[in-house]
Amino acid sequence: MAERVECRSDFEYAQQPVALYWQGQRLRVSRVLAAWRTPQGKRFSVRTEDGQEFELVYDQTQDQWSISQ
C-alpha cells in the first residue's frame, strides 16, 4: 500500500501537509518544523498532535510520498 499524506494545496500540490497515515492510523499534523525543495520534489519535517516527528518526502517524478520517523 502506498503511503498517504493529506495536504493543503491552494495554488500548487503539496503546499502544506495536514495529516499522514502511519501504522494504520491517521495522524494530524500540528506543526511543520521545516520545509524545503529538492530536485526530486518536496520535503517536510513535521510534528503530529501526539508529539511524534516525521519526515515526509514527495517525489514528483513518481507522484508518491514516503514517510519516515
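The figures that follow rest on heavy atoms only: side chains count, while hydrogens, waters and symmetry mates do not.
- Legend: ring-ring contact (aromatic ring centres under 6.0 Å, His included) pairs involving residues 42-64, not counting sequence neighbours, sorted by first then second residue: Tyr13-Tyr58, Trp22-Phe54, Tyr58-Trp65.
- Rounding to the nearest 0.5 Å places CD of Gln15 at 9.5 Å from SG of Cys7.
- In this structure, Gln60 and Gln40 have side chains that are not in contact, with every pair of non-hydrogen atoms separated by 4.5 Å or more.
- Between the CG atom in Leu20 and the CD atom in Gln69 there is a gap of 9.5 Å [rounded to 0.5 Å].
- Side-chain contact check for Glu3 and Gln64: no donor-acceptor pair (N or O, by modelled atom type) lies under 3.5 Å.
- Considering only heavy atoms from C-beta on, Thr38 comes within 4.5 Å of Arg43 through its side chain.
- Residues that satisfy the side-chain hydrogen bond (donor to acceptor under 3.5 Å, both in side chains) test with Gln23, not counting sequence neighbours, are absent from this structure.
- A distance of 8.0 Å separates OG in Ser68 from CG in Leu56, rounded to the nearest 0.5 Å.
- Taking 4.0 Å as the cut-off between side-chain N and carboxylate O, Arg37 and Glu12 count as a salt-bridged pair.
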Show me the donor-acceptor pairs, under 3.5 Å and distance only, between side chains in residues 24-34 and residues at least two apart or in other chains.
residue, atom, partner, partner atom, Å
Arg26, NE, Glu6, OE1, 3.4
Arg26, NE, Glu6, OE2, 3.1
Arg26, NH2, Glu6, OE1, 2.7
Arg28, NE, Glu49, OE2, 3.3
Ser30, OG, Arg47, O, 3.1
Ser30, OG, Thr48, O, 3.4

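- Minimum heavy-atom separation, Val46 to Pro17: CG1-CG, 3.9 Å.
- Heavy-atom minimum distance, Ala14 versus Ser9: N-OG, 3.1 Å.
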